[in-house]
Asks: 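Submitted below is the structure of interest, expressed as structure tokens.
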Amino acid sequence: MAEQPSNLPTAYDPKRAEDKWYDYWIEGGFFEAGKDPEKKPFSVVIPPPNVTGYLHIGHALDNILQDILVRWKRMEGYDALWLPGMDHAGIATQAKVEARLREEGVSRHDLGREKFLEQVWDWKEHYAQIIRNQWRKLGLSLDYSRERFTMDEGLSQAVREVFVRLYQKGLIYRGKYIINWDPATQTALSDIEVIHKEVQGHLYHMNYPLKDGSGSIRVATTRPETMLGDTGVAVHPEDDRYRDLVGKTVILPVVNREIPIVADEHVDAEFGSGAVKITPAHDPNDFEIGLRHDLPQILVMDETGTMNENAGPYQGLDRFQCREKIVDDLQEAGVLTEIEAHTHSVGHSERSGAVVEPYLSTQWFVRMKPLAEKAIQDIRSGEGVQFVPERFEKIYLHWIENIRDWCISRQLWWGHRIPAWYCTDCSETIVAREDPDHCPKCGGEHLHQDEDVLDTWFSSGLWPFSTMGWPEETEDLKRYYPTDVLVTGYDIIYFWVARMIFSGLEFTGTKPFRDVLIHGLVRDAEGRKMSKSLGNGVDPMEVIEKYGADAIRFMLSTGVTPGNDVRFRWERVEAARNFANKIWNASRFALMHLEGVKAEDLSLNGPLSTADRWILHRLNETVERVTAGLNRYDFGDAGQSLYHFIWDELCDWYIEFAKLPLYGDDEAAKDSTRSVLAYVLDQSLRLLHPFMPFITEEIRQHLPVEGDSITVASWPQSQSRFEAPEAVGEMEILIETIRAVRNTRAEMDLMPKQQVDLLIRAGEEAVPAFRNNEAAIRRLCGVDRLEVDPSLRRPERAMALVVTGAEIFLPLEGVIDIEQTIAKLEGERKKLDKEVERVEKKLANEGFVNKAPAHVVEEERQKGREYREKREKVVNRLKELRGE
RNA sequence: GGACGGUUAGCUCAGUCGGGAGAGCACCUGCCUUACAAGCAGGGGGUCGCAGGUUCGAGCCCUGCACCGUCCA
């Protein structure tokens, strides 16, 4: 590398590293799968973002988690494939393009279908490029050679194949039913595209007069404008109040239509008056009742929500204007006698926000029961998709068990055109893989294709296999399908996850992924959902610009608890940035001492110090913990244990200990310290790489180690030769001692430069810890004279400290305050008294001693011994200080 | 109405064998100690929502309740 370590800036600069290394990775083809057929495959498909616009921070979280898994598996030696792609997002994208056209005063109808679609494709290309650039900024290790789009040729082929197969199996049908109609975007919606909100509305009570003049029947509704489409009144067959009225006729006010009173089990006799008006064309329940009683279906609105010719005097009014007017009129006419405040659930379009109108319309549907059955069986078999966290399985199951037929046709232009043709000559419907040119029934050539397109999720549901080439038996499909894990938010379990599962089972005969990892939403600092209207969204690119990609990656990935929402807080990004900087500087330190050193100069076979053996032991444990964390998708635990290891152990202790040999004269010690430092740093960088890819590559490129890129460096393994429990024991004593001395120095207001003497009376077991590390103690405690002697005589007028296995004296003639020393020891004694009491009480409890596991009891006894020993020393010191 | 999640330090959250309550930030004290002031050293701070129960032992398991949130109907 051109830069000398000593010239490296003292702060990590993400901007200098990120683009450079991403280019290097892409040019080097490190993310392209399939290069080594010997390796085991590991595959993930990205949840395709909509080409509607920019990625938000939720995408960032989702993608970062996947990237961590994929990078980790790649380092573990798998042939890792992460397949990128995007979704055409029918309604959303079309709405955006239409909105832009509207600004120019043009409607899609002005342009015509073909011209309009050209515009949408332009839009798609524009945003696809933006999204790719955002992926790049996030550092995602995607295989761009396999990028897919839901409206690609191949994926469209898959859509058509699926449609035809389902149609031929009788699982797709076309019919006239009540669907959810969005008057704003003027298309049908599926059930889950409707969001139910509690709305403060009214319940309107009306009296419909009986034809025979014998009175009236009282009905209630929340949507009085629909009364214009009433074709019946229904009561419960067991309801005595109305028994005599069943079969009679009422005159519908305003339109003066004669409509029957029918008896139907479905009516809830407890609600309102127990009689309900029936509007078969504008309500799903009424539709069913209407069918049972053969009632006419009268639509009173058009596609825009405007009252139509069937609305008589109200024709031309918007549905809500009509409601107001009709309420006034009916009140005046004495028909509407009571208005009651009433909260009820009103469906809104997920996309446009408009109040959804239940609407009678001819649409295409998927018969869900048989498909759902397979999915339910699969999960019940125990061999099905594994949800992580497990609780989401229940949510999924509940939905799939109660699923209704899926309305898949959309009155849009942007999407997969429904592969159905109608013969104008004989009105035959033709569903085919290839566009037909004549009617197979009558031979006529007057065919026209269905105008509608398919629900976006129809194609997204095929994503894991359509992207791999299905229905062709491609090499990729054989090698990478089914995928290993799908990572997505809980908000699209129904929309997407469920549909991929039943589609995978139906068309490929296997579940599309082994695990599905569900994460939460990224909320703002106050816990509110990020939204455009609140303006509280955080742009991930802004975060990267300010703090670097590694910072946002580390913050988001380690801040999450599986399945729970995470709040975005700038302080935490800053903390992650500081961590990156910490690593940068630790590396700078290491590089300063490795200048001119080559990989082959390094060896861990030299004499290793206590600290060397301790850090290698701790590295072992960290490797195991990080790997275990990733294995169970616990990014938080994996990341935090790494953070702790690097910052608190490697930086705060090991490097401080390492400075002695590194700045000393003992060349052998220097060599082995350099080797350990380089090794531990390299291993730490590897463990950190999935979380912070850029800085780890940047640093490792400076280190004297083998290999092209850290992206393909092997994943660390714990090694039994590094196990050194005795070094851990020694370090614990040293750390406790150093802390105790520093603590005392702080309390006595000693300047850092002021040296003290330290006399240590160590028990036999603790002697090696001190003897082997005298220089370190001197350095880290600011010690001038140091004596370690098991038979040391207590000096006069000295501060006394008690640590595990030793007593420490600081003769501070002229500085020591005897009262302060006594107070300190008294505090210590009180604490130890409490501990001893707690332990003894526990051990005196027969239940504990008899029932607790032996090792727990033994640990407790051991603690008791240590506390008593320590307390005895403290008490003796106090006695001496008081001259007793 | 049903289901699920949450309630732990001032704030945001960990706590996956039931065995002495943790982190980051914030706060207080002292330090520009030649890797790092985006830092170092030291320190204070919690009735683990409430009430019962199981257990030798409960933040953790069971029951009930309260409040916040989400999904479904």
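Here the structure is a predicted model, which means the values were calculated and not measured.
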Asks: Please verify the inter-ring angle class for A:Phe568 with A:Trp570; under 30° counts as parallel, over 60° as perpendicular, anything in between as tilted.
Replies: perpendicular
Asks: Does A:Thr561 reach a base, just sugar-phosphate, or nothing at all? Heavy atoms under 4.0 Å.
Replies: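 Result for A:Thr561 = sugar-phosphate.
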Asks: Any side-chain N or O of A:Arg632 less than 4.0 Å from the OP1 or OP2 oxygen of B:U16?
Replies: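 False: A:Arg632 side-chain N/O out of range (4.0 Å or more) of B:U16 OP1/OP2.
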Asks: A:Asn564 side chain N/O closer than 4.0 Å to the phosphate oxygens (OP1, OP2) of B:A14?
Replies: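 Indeed, a polar side-chain atom of A:Asn564 lies that close.
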Asks: Could you check which of B:G19, B:G42, B:C36 has an atom nearest any side-chain atom of A:Pro853?
Replies: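 Minimum distance to the A:Pro853 side chain belongs to B:G19.
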Asks: Mind checking the C1' distance from B:G59 to B:U8? Whole angstroms is fine.
Replies: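 That atom pair is separated by 7 Å.
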Asks: Find the partner of B:U16: check Watson-Crick (N1-N3 plus N6-O4 or O6-N4) and G-U wobble (N1-O2, O6-N3) distances, both under 3.5 Å, and reply none if neither fits.
Replies: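 WC or wobble partner does not exist here.
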Asks: Considering only side-chain heavy atoms of A:Glu571, which listed nucleotide, B:G39, B:G42, B:C25, is closest?
Replies: B:C25
Asks: Once you apply the 3.5 Å cut-off to both distances, tell me the Watson-Crick or G-U wobble partner of B:G52, or none.
Replies: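 Pairing partner: B:C62.
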Asks: The side chain of A:Arg391 lies closest to which of these nucleotides: B:G5, B:G24, B:A35?
Replies: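 Nearest to the side-chain atoms of A:Arg391, counting from C-beta on, is B:G5.
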Asks: With a cut-off of less than 4.0 Å, is there a side-chain N or O of A:Trp647 near OP1 or OP2 of B:C40?
Replies: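 Checking B:C40 against A:Trp647, a side-chain N or O does come within under 4.0 Å of OP1 or OP2.
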Asks: Are OP1 or OP2 of B:A35 and a side-chain N or O of A:Tyr654 less than 4.0 angstrom apart?
Replies: no
Asks: What is the pairing partner of B:C67, taking Watson-Crick or G-U wobble pairs with both distances under 3.5 Å in any strand?
Replies: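 Partner of B:C67: B:G6.
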Asks: Do A:Arg865 and A:Glu858 meet the salt-bridge criterion of a basic N to acidic O distance under 4.0 Å?
Replies: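 Salt bridge flag = yes for A:Arg865 with A:Glu858.
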Asks: Could you check whether A:His398 gets within reach of a base, just the sugar-phosphate, or nothing at all, counting any heavy atom under 4.0 Å?
Replies: sugar-phosphate
Asks: Classify the nucleic acid contact of A:Asp652 as base, sugar-phosphate or nothing, counting any heavy atom under 4.0 Å across all strands shown.
Replies: sugar-phosphate
Asks: For B:U29, what is the paired nucleotide under Watson-Crick or G-U wobble rules, both distances under 3.5 Å?
Replies: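 B:A41 - that is the nucleotide pairing with B:U29, both distances being under 3.5 Å.
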Asks: Between B:A23 and B:G15, how many Å separate the two P atoms, rounded to a whole number?
Replies: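 The answer is 15 Å between these two P atoms.
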Asks: Hey, does the side-chain of A:Lys394 have a donor or acceptor N/O within less than 3.5 Å of a partner on the base of B:C4?
Replies: no
Asks: For B:C4 versus B:G10, give the span between their P atoms, rounded off to a whole number of Å.
Replies: 31 Å
Asks: Does either side chain, that of A:Asn585 or that of A:Tyr12, offer a donor lying less than 3.5 Å from an acceptor on the other one?
Replies: no
Asks: From B:A38, B:G19, B:U16, pick the nucleotide closest to the side chain of A:Asp637?
Replies: B:U16
Asks: Within the modelled atom types, does a donor on one side and an acceptor on the other bring the side chain of A:Arg742 and the base of B:A41 under 3.5 Å apart?
Replies: no
Asks: Between B:A9 and B:A26, how far apart are the two C1' atoms, rounded to whole Å?
Replies: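 11 Å, rounded to whole Å.
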Asks: Less than 4.0 angstrom between a side-chain N/O of A:Arg739 and OP1 or OP2 of B:G42, yes or no?
Replies: yes
Asks: Reckon A:Arg567 has a side-chain N or O less than 4.0 Å from the OP1 or OP2 of B:U12?
Replies: yes
Asks: Compare the minimum distances between each of B:C36, B:A35, B:A14 and the side chain of A:Gln640, then state the nucleotide with the smallest one.
Replies: B:A14
Asks: Say you pick atom C1' in B:C65 and the same atom in B:G19; how far apart are they, in whole Å?
Replies: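 It comes out at 29 Å once rounded to the nearest Å.
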Asks: Give a yes or no on whether a salt bridge exists between A:Glu826 and A:Arg829, defined as a side-chain N under 4.0 angstrom from a carboxylate O.
Replies: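 Yes, A:Glu826 and A:Arg829 are salt-bridged.
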Asks: Are A:Arg523 and A:Arg528 close enough that some pair of their side-chain heavy atoms sits under 4.5 Å apart?
Replies: no
Asks: Which nucleotide, in any strand shown, forms a Watson-Crick or G-U wobble pair with B:G1, with both distances under 3.5 Å?
Replies: B:C72
Asks: Using a cut-off of 4.0 Å on non-hydrogen atoms, how would the nucleic acid contact of A:Arg569 be classed: base, sugar-phosphate, or nothing?
Replies: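 Since a base atom lies under 4.0 Å of A:Arg569, the category is base.
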Asks: With heavy atoms under 4.0 Å as the rule, sort A:Phe568 into base, sugar-phosphate or nothing.
Replies: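 Touches nothing.
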Asks: Check for me whether the distance between the ring centres of A:Trp496 and A:Tyr494 falls short of 6.0 Å.
Replies: no
Asks: Taking OP1 and OP2 of B:C72, is either one under 4.0 Å from a side-chain nitrogen or oxygen of A:Asn402?
Replies: no
Asks: Choosing from B:A38, B:G42, B:G19, which nucleotide comes nearest the side chain of A:Ala746?
Replies: B:G42
Asks: When the C1' atoms of B:G6 and B:C60 are compared, how many Å lie between them, rounded to an integer?
Replies: 15 Å
Asks: Mind checking whether A:Phe579 and A:Phe554 have parallel, tilted or perpendicular rings, split at 30° and 60°?
Replies: tilted
Asks: Give none if B:G24 has no partner; otherwise give the nucleotide forming a Watson-Crick or G-U wobble pair with it, both distances under 3.5 Å.
Replies: B:C11
Asks: Indicate, with a heavy-atom threshold strictly under 4.0 Å, whether A:Tyr494 touches base, sugar-phosphate, or nothing.
Replies: sugar-phosphate
Asks: With rounding to the closest Å, how many angstrom separate the C1' atoms on B:U54 and B:U63?
Replies: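 Their C1' atoms lie roughly 11 Å apart.
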